[in-house]
Amino acid sequence: MRKIKPTLRQLQVFESVADELSFTRASEKLHLSQPAVSIQVKQLEEGVGLPLFEHTRKKISLTEAGSIIHRLSKTIRNELEDAGEQIDELMGIQRGRLDVTVTTTASYFTSRILADFARKYPDIAISLDVTNRENLLKQLDSNQCDLAIMGEPPEGLDLESTAIMENPLVLIASPDHPLANRRRIPVEALGDQGFVFREPGSGTRAAILRVLEEKGMSIPITMEMTSNEAIKQTVQAGLGLGIVSRYTVELELETGRLVELDVRHFPLRRYWYLVRRRDKQLSPVAQRFESRVLDRE
Ligand code: PGA
């Protein structure tokens, strides 16, 4: 009998290719390069001693050996998940409470992360507080939340922060704005436009003003509002331009209700961070949430 000794990593990558029947889609899903995916599958094939995929024109399908390994990888994954759940139970992770605070802008994607977590741990009570950066920093200062998700936290506070994903700030306009169809708009063209900004205390606002200052640019703030939704509506109504996180306008850009302007220096580059107090004793539930967020990237 042939003894096969695949690694868990090989099985995970193989399973993703087999589910998608595409090396490209699997590499996107796994956040890996395509050669990295191919190497894992090739090593697995060498260990098995037979090809696992049949390559025909533009399509791949599983060979018989591939189907056997696909079933094996699913069984192992299910068993590992069951074991993980039992260990969670032993550690007291199945029940408890999680307090997360996120900035207004971060809430556009954190709901998805929390929903995943809630599905996995339905008996954990989750509390999500959404506020602007200034209030969030006050909460961290007075130890009111387990974990926070926000733009880059200030230096000098005793915080531990890890970048989890990019947060591009884009310049938005209504589709019938005179600049909407222009390419490579010079920065000077923004000088006589009105801008709708977030309120003082917003991290997005602070980041924009800081970056513009670094680049020696200044733009006129004609309106201020405390919500991204209000900015989007105002810009859509043609009352000015806005600079917002791309996460807040994904749908509007997709449906053409807003357009992203092509201006030098934009999008401004920022990152989202998972943040906690360095001296915070995280509960097992909060530790599990932290590791799930960090593992995603
Ligand atoms: P805010 O968030 O603009 O909603 O405060 C951005 C950030 O976290 O910096």
Side-chain angles (χ1 to χ4, degrees), residues 98-114 127-172 195-215 217 219-236 240-253 258 260 265-278 280 289-290 293-294 296-297:
L98 175 69
D99 285 300
V100 180
T101 304
V102 304
T103 48
T104 324
T105 307
S107 69
Y108 283 79
F109 70 90
T110 48
S111 312
R112 280 191 295 247
I113 299 179
L114 281 165
S127 150
L128 171 69
D129 192 6
V130 180
T131 185
N132 74 13
R133 175 186 173 90
E134 193 171 285
N135 291 328
L136 186 151
L137 288 172
K138 281 187 197 146
Q139 283 200 20
L140 279 168
D141 195 44
S142 52
N143 199 11
Q144 282 176 48
C145 59
D146 294 324
L147 291 158
I149 298 180
M150 64 185 302
E152 190 176 343
E155 284 171 16
L157 301 183
D158 210 7
L159 302 173
E160 209 172 280
S161 44
T162 314
I164 51 171
M165 56 177 113
E166 273 198 53
N167 173 25
L169 300 182
V170 295
L171 226 162
I172 50 163
F195 274 81
V196 192
F197 258 63
R198 282 280 306 279
E199 77 287 4
S202 146
T204 310
R205 175 189 172 112
I208 297 166
L209 294 179
R210 193 190 61 235
V211 177
L212 292 182
E213 197 185 326
E214 278 164 18
K215 298 194 187 297
M217 295 160 63
I219 50 178
I221 303 177
T222 47
M223 279 189 230
E224 283 179 355
M225 30 199 82
T226 53
S227 95
N228 292 305
E229 286 305 306
I231 294 182
K232 284 156 55 175
Q233 302 292 340
T234 311
V235 171
Q236 225 168 292
L241 303 176
I243 303 173
V244 293
S245 164
R246 194 181 275 141
Y247 280 97
T248 65
V249 284
E250 271 172 351
L251 199 64
E252 288 76 9
L253 293 178
L258 288 168
E260 182 177 333
H265 298 310
F266 286 89
L268 305 178
R269 216 155 273 288
R270 282 194 93 201
Y271 288 88
W272 292 118
Y273 288 80
L274 180 70
V275 181
R276 55 179 281 198
R277 282 170 68 107
R278 212 179 286 282
K280 177 91 182 168
F289 180 74
E290 181 183 45
V293 173
L294 298 180
R296 290 167 67 88
E297 293 307 311

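All residue numbers in this chain count up from 1 along the given sequence. Whatever order the structure lists ligands and atoms in, that order sets their numbers, starting from 1. As the structure is a computational prediction, the values presented were derived from the model and not from experiment.
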Salt bridge or not for Glu229 and Lys232, using N-O below 4.0 Å?
-> yes
Any Lys/Arg nitrogen of Arg246 or Glu250 sitting under 4.0 Å from an Asp/Glu carboxylate oxygen of the other?
-> no
Nearest to atom 4 (O) of ligand 1, what protein heavy atom do you find, and at what distance?
-> Thr105 OG1, 2.8 Å
Might you work through the side chain to side chain contact (heavy atoms under 4.5 Å, CB included) test for Glu152 and Trp272, ending with a clear yes or no?
-> CA-CA 7 Å; Glu152 190 176 343; Trp272 292 118; over 6 Å; no
For ligand 1, which atoms, with element, lie under 4.0 Å from some heavy atom of Arg198?
-> 1 (P), 3 (O), 4 (O), 5 (O)
In terms of atom number and element, which parts of ligand 1 are under 4.0 angstrom from non-hydrogen atoms of Arg133?
-> 5 (O), 9 (O)
If we number the atoms of ligand 1 from 1 as shown, the ones under 4.0 Å from a heavy atom of Asn132 are 5 (O)
With the side chain counted from C-beta on, respond yes when Met225 and Glu199 share a heavy-atom pair under 4.5 Å apart, and no when they do not.
-> no
May I ask you to say whether Arg205 pairs ionically with Glu224, meaning some side-chain N is under 4.0 Å from a carboxylate O?
-> yes
Considering only heavy atoms of Trp272, which atoms of ligand 1 have at least one such atom less than 4.0 Å away?
-> 8 (O)
Which atoms of ligand 1 are found less than 4.0 Å from any heavy atom of Thr104?
-> 4 (O)
Looking at atom 7 (C) of ligand 1, what's its closest protein heavy atom, distance included?
-> Gly151 N, 3.4 Å
Which ligand 1 atoms, with their elements, are less than 4.0 angstrom from a heavy-atom of Arg270?
-> 6 (C), 7 (C), 9 (O)
Identity and distance of the protein heavy atom lying nearest atom 3 (O) of ligand 1 | Thr204 OG1, 2.6 Å
For atom 5 (O) of ligand 1, which candidate among Ser245, Pro153, Gly203, Ala207 provides the closest heavy atom?
-> Gly203
Smallest heavy-atom separation, Ala106 atom then Ile149 atom, equals CB-O, 3.8 Å
Leu159 to Arg277 - nearest heavy-atom pair and separation | CD2-CA, 4.0 Å
Quick one: which ligand 1 atoms are inside 4.0 Å of a heavy atom on Met150?
-> 8 (O)
Close side-chain approach of Asp129 to Gln139, heavy-atom, < 4.5 Å | yes
